[in-house]
Amino acid sequence: MKVEMEEGKRKKKVMVAIDESECSHYALRWALDNLGDTISASQLFIFNAQPLPSFAYLSASTYGAPPADLITAVQENQKKLALALLEKAKEICANHGVEAETMTEVGDPKDKICEAVEKLNIELLILGSNGRGAIQRALLGSVSNYCVHNAKCPVLVVRKPT
């Protein structure tokens, strides 16, 4: 009985995955506005996946292999951008009176999001939809579609009205 009560008091874990798109920040604001009671009673994680940078353009611009310091500079810049995104998201949460933990990983966003869901035992994943058409989704893939089918928890995809 005591274990059940403790389990009942345990905060649910909710994760909002964001990137640099306005759609993902809209999803965060939508969740805070529309699921406020659920979010404020939960442990909220804001997650950002930094895609592996493509160095093909660097190779072309340097006529061969890009210098190591250039690769390091690109990676550092990408990390700074990710941290700035997470700080902006944390500020949005604070303005709604919600405390959030932030985290970032480097790799394919769809894989890293699903891995984080599993590792953190997330119970609800919230994502924005960038509104790509069927052809773009087929060619480029869809992070939200992948997560809907592969994340080990319910997934809420928030689409920004047009």
Side-chain angles (χ1 to χ4, degrees), residues 4-54 71-134 136-137 140-162:
E4 287 177 2
M5 286 179 64
E6 285 176 11
E7 229 174 29
K9 290 183 181 184
R10 182 179 63 81
K11 286 187 167 192
K12 298 233 181 266
K13 293 181 178 183
V14 176
M15 186 168 90
V16 180
I18 63 165
D19 60 17
E20 71 284 348
S21 73
E22 177 55 33
C23 298
S24 69
H25 284 88
Y26 175 81
L28 174 61
R29 286 190 295 276
W30 186 94
L32 291 165
D33 291 341
N34 293 282
L35 304 174
D37 293 339
T38 301
I39 299 289
S40 59
S42 301
Q43 186 177 3
L44 179 62
F45 295 89
I46 308 295
F47 182 84
N48 172 262
Q50 303 169 50
L52 291 169
S54 169
I71 291 173
T72 302
V74 169
Q75 290 170 329
E76 285 299 315
N77 190 46
Q78 189 175 9
K79 187 174 185 174
K80 285 180 190 172
L81 290 172
L83 294 175
L85 280 173
L86 291 170
E87 276 308 306
K88 178 183 175 186
K90 207 170 181 177
E91 192 176 302
I92 292 168
C93 292
N95 290 339
H96 283 79
V98 174
E99 196 175 307
E101 293 181 45
T102 59
M103 56 187 305
T104 184
E105 297 274 343
V106 177
D108 186 338
K110 57 185 184 266
D111 293 329
K112 291 299 175 185
I113 292 168
C114 289
E115 287 171 16
V117 162
E118 199 164 345
K119 185 167 97 177
L120 298 169
N121 296 313
I122 298 297
E123 294 160 274
L124 174 63
L125 171 62
I126 302 170
L127 301 161
S129 171
N130 62 14
R132 285 188 184 135
Q136 281 184 312
R137 272 195 315 271
L140 301 173
S142 164
V143 171
S144 57
N145 186 51
Y146 181 89
C147 291
V148 163
H149 290 95
N150 294 283
K152 304 264 190 258
C153 71
V155 178
L156 172 63
V157 178
V158 178
R159 187 173 190 152
K160 186 175 179 183
T162 53

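What you see is a predicted model, and the numbers here were worked out from it, not measured in a lab.
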Legend entry - Which atom of Ala27 lies closest to which atom of Val158, heavy atoms considered: CB-CB, 3.8 Å
Legend entry - Salt bridge flag under 4.0 Å for residues Arg29 and Glu22: yes
Legend entry - Separation of Leu83 CG from Lys80 NZ (nearest 0.5 Å): 10.0 Å
Legend entry - Check: Tyr26 and Ser21 side chains under 4.5 Å, non-hydrogen atoms: no
Legend entry - Distance in Å, Met15 CE paired with Asn121 CG, rounded so as to fall on 0.5 Å steps: 12.0 Å
Inset, instruction - Using side-chain contact (heavy atoms from CB on, under 4.5 Å) as the criterion, point out the one residue from Leu28, Leu156, Ile113 that pairs with Leu127. - result: Ile113
Legend entry - Which residues share a side chain to side chain contact (heavy atoms under 4.5 Å, CB included) with Glu118, sequence neighbours left out: Lys152
Using distance only, find each side-chain donor-acceptor pair of residues 34-48 under 3.5 Å and give its atom names and separation, not counting sequence neighbours.
| residue | atom | partner | partner atom | Å |
| --- | --- | --- | --- | --- |
| Asn34 | ND2 | Trp30 | O | 2.9 |
| Ser40 | OG | Gly36 | O | 2.9 |
| Ser40 | OG | Asp37 | O | 3.3 |
| Ser42 | OG | Thr38 | O | 2.5 |
| Gln43 | NE2 | Glu101 | OE2 | 2.8 |
| Asn48 | OD1 | Thr104 | OG1 | 3.4 |
| Asn48 | ND2 | Ile18 | O | 3.0 |

Legend entry - Contacts of type salt bridge (charged side-chain N to carboxylate O under 4.0 Å, His left out), residue Asp111, not counting sequence neighbours: none
Legend entry - Flag if over 12 foreign heavy atoms under 6.0 Å of CD, Glu99: no
Inset, instruction - Would you please test Lys79 and Glu76 for salt bridge (Lys or Arg N to Asp or Glu O under 4.0 Å) and show each step? - result: CA-CA 5 Å; Lys79 187 174 185 174; Glu76 285 299 315; 5.9 Å; no
Inset, instruction - Determine the minimum heavy-atom distance between Val155 and Ala151, stating which atoms define it. - result: CG2-CB, 3.9 Å
Inset, instruction - Answer yes or no: is there a side-chain heavy-atom contact under 4.5 Å between Met103 and Leu120? - result: yes
Legend entry - Separation between NZ of Lys12 and CD of Glu123, rounded to the nearest 0.5 Å: 5.0 Å
Legend entry - Pro109 versus Pro51, closest heavy-atom pair with distance: CG-CG, 4.1 Å
Inset, instruction - Would you please name every residue forming a side chain to side chain contact (heavy atoms under 4.5 Å, CB included) with Asn150, sequence neighbours left out? - result: Cys114, Tyr146
Legend entry - For Asp33, all residues meeting side chain to side chain donor-acceptor pair (under 3.5 Å), sequence neighbours excluded: His96
Legend entry - Expected output: side-chain Ser24 to main-chain Asp19 donor-acceptor under 3.5 Å: yes
Legend entry - Rounded distance [0.5 Å steps], NZ in Lys112 versus NZ in Lys119: 8.0 Å
Side-chain donor-acceptor pairs of residues 84-94 under 3.5 Å, sequence neighbours excluded:
none

